[in-house]
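What follows is one structure encoded as structure tokens, with my remarks underneath.
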2 protein chains.
Amino acid sequence: MPGFKGQATYSVDPKGRIAIPSRMRACMSLEAQNTFVTTRGFEQCVFAYPLDEWLKIEDQIASLNPYDRKHRAFKRQFMMWAEEVALDSKGRIALQRPLIEYAGIEKKTLVLGSQRHIEIWHPERFDEYLNAEESDYETLAAEVMGI
Amino acid sequence: MPGFKGQATYSVDPKGRIAIPSRMRACMSLEAQNTFVTTRGFEQCVFAYPLDEWLKIEDQIASLNPYDRKHRAFKRQFMMWAEEVALDSKGRIALQRPLIEYAGIEKKTLVLGSQRHIEIWHPERFDEYLNAEESDYETLAAEVMGI
DNA sequence: AAAAATTTCCCACAATTTCCCACAATTTCC
DNA sequence: GGAAATTGTGGGAAATTGTGGGAAATTTTT
């Protein structure tokens, strides 16, 4: 089953709605019920998981030990940013304010597919992120995928 | 099963469509469903994988650790450039704008077979690449294939 | 309970993409 | 070497997709 791919630069309309590219929407399974769970991403962006994928992650979080201080801290921060959002009839989602502020999103967004989830970035933030990474694409590939 | 071979210089039409040489199309298996996944190549070109080959690669990507920063960075960059594109009735694919810009493609392209994938280059970029390589063909052969 | 603000649902427009057809160049076959 | 088939190039029409906004419904505040 192919994952989310591709990139798109879309606008955020006055009501805070962001279109999800139709190519990406087409990758959702029926069990996702046209619903995403948005949450604080790693690096300065928003992650959006289709509902069915999110449930798998929640299962993992459920297995954390509530008597371990670090486990507790991670679960707390992981869950506090998450929101369920349904696609409207035009395939858009409305991001909650805390996430918009965290990611620094304004008029334009960069929407990225990253296999099991979608990422929503402020375009300039993404450029900054890429520039700050020490390894370029080819080097990264060699490091991660092995020689 | 023989891989993609050969080279061709084809034009890019006003809509960004590029013909895939019929010799190469003939190498695709039925499981590829006349579909390629195009993505950012290593070096300044576009890679096109038949769908079935691409899925094998995605399986490898899926095994990366989402909590490891470098793994995440690679998956993000690998997937964001990828697009599924079907061959039209005339055996062409339409490249997405980001890939065209990345590879610097204009009116003409050089299409290369490279065993499991096809490469699409701006012809001059390919010449520059060859000239910039430190080892010539014979030396490279000795280095890579062993003495 | 009424007013204000927010959210949800629906509709309209513009841009893009997809689909289909026509023609020209090349290759294949006899 | 010439005719037929295949292959590459281009463009118009139709369908889809992204963008924005109005009105109804809901929630929050006063």
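The chains referred to below are lettered A, B, ... by the order of the sequence lines, with proteins before strands, and numbering in each begins at 1. Predicted, not measured: the structure shown is a model, and the values here were computed from it.
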- Query: Can you name the ring-ring contact (aromatic ring centres under 6.0 Å, His included) partners of B:Phe47, sequence neighbours left out?
  - Reply: B:Phe42, B:His117

- Along nucleotides 21-30 of chain C, 5' to 3', which nucleotides get a B, which get an S, and which get a -, given that the test is a protein heavy-atom distance under 4.0 Å? -B-----S--

- Message: Can you give me the dot-bracket string for DNA chain C, 5' to 3', counting Watson-Crick and G-U wobble pairs with both distances under 3.5 Å, using [ ] for crossing pairs and | for partners on another strand?
- Response: ||||||||||||||||||||||||||||||

- Message: Any non-hydrogen side-chain atom of A:Thr38 less than 4.5 Å from a side-chain atom of A:Glu84?
- Response: no

- Item | From CD (B:Gln44) to CD (B:Glu128), nearest 0.5 Å | 8.0 Å

- Donor-acceptor pair, A:Thr35 side chain versus A:Gln33 backbone, under 3.5 Å? yes

- Residues in ring-ring contact (aromatic ring centres under 6.0 Å, His included) with B:Phe4, at least two apart? none

- Item | Shared hydrophobic cluster, B:Tyr67 / B:Met79 (ILVMFWY, side-chain heavy atoms < 4.5 Å) | no

- Query: Sequence neighbours excluded, which residues qualify as ring-ring contact (aromatic ring centres under 6.0 Å, His included) partners of A:Trp121?
  - Reply: A:Phe126, A:Tyr129

List the atom pairs, donor and acceptor, that lie under 3.5 Å between side-chain atoms in residues 70-78 of chain A and the rest of the protein, sequence neighbours left out.
unit_1  : atom_1 : unit_2  : atom_2 : d
A:His71 : ND1    : A:Asn65 : N      : 2.9
A:Arg72 : NH1    : A:Pro66 : O      : 3.0

For residues 90-105 of chain A, tabulate all N or O donor-acceptor pairs below 3.5 Å that involve a side-chain atom, not counting sequence neighbours.
unit_1   : atom_1 : unit_2  : atom_2 : d
A:Arg92  : NE     : A:Asp88 : OD2    : 3.0
A:Arg92  : NH2    : A:Asp88 : OD2    : 3.3
A:Tyr102 : OH     : A:Glu43 : O      : 3.2

- Query: Taking DNA chain D as the partner, which of residues 99-121 of chain A come within under 4.0 angstrom of it by heavy atom?
  - Reply: none

- Query: Is A:Trp81 reachable from A:Val85 through a run of hydrophobic residues whose side-chain heavy atoms are each under 4.5 Å from the next?
  - Reply: yes

- Could you give the start and end, 5' to 3', of the contact zone on DNA chain D for chain A, using atoms under 4.0 Å from its heavy atoms? D:dT17 to D:dA23

- Report the C-alpha separation of A:Met145 and B:Leu64 in whole Å, then their side-chain angles, then the decisive distance to 0.1 Å, and conclude whether the side-chain contact (heavy atoms from CB on, under 4.5 Å) test is met. CA-CA 9 Å; A:Met145 300 306 280; B:Leu64 295 179; 4.3 Å; yes

- Item | Residue pairs fulfilling salt bridge (charged side-chain N to carboxylate O under 4.0 Å, His left out) with at least one residue in residues 46-66 of chain A, sequence neighbours excluded | A:Glu53-A:Lys56, A:Glu53-A:Arg116

- Item | ring-ring contact (aromatic ring centres under 6.0 Å, His included) against B:Tyr10, all qualifying residues, sequence neighbours excluded | none

- Item | B:Leu30 atom CG: more than 12 heavy-atom contacts under 6.0 Å | no

- Comparing A:Arg97 with B:Asp88, nearest DNA chain C nucleotide closer to 5' gives the residue A:Arg97

- Message: Does any part of the side chain of A:Val111, heavy atoms only, come nearer than 4.5 Å to the side chain of A:Met24, both counted from C-beta?
- Response: yes

- Counting only non-hydrogen atoms, which of residues 3-22 of chain A are less than 4.0 Å from DNA chain C? A:Lys15, A:Arg17

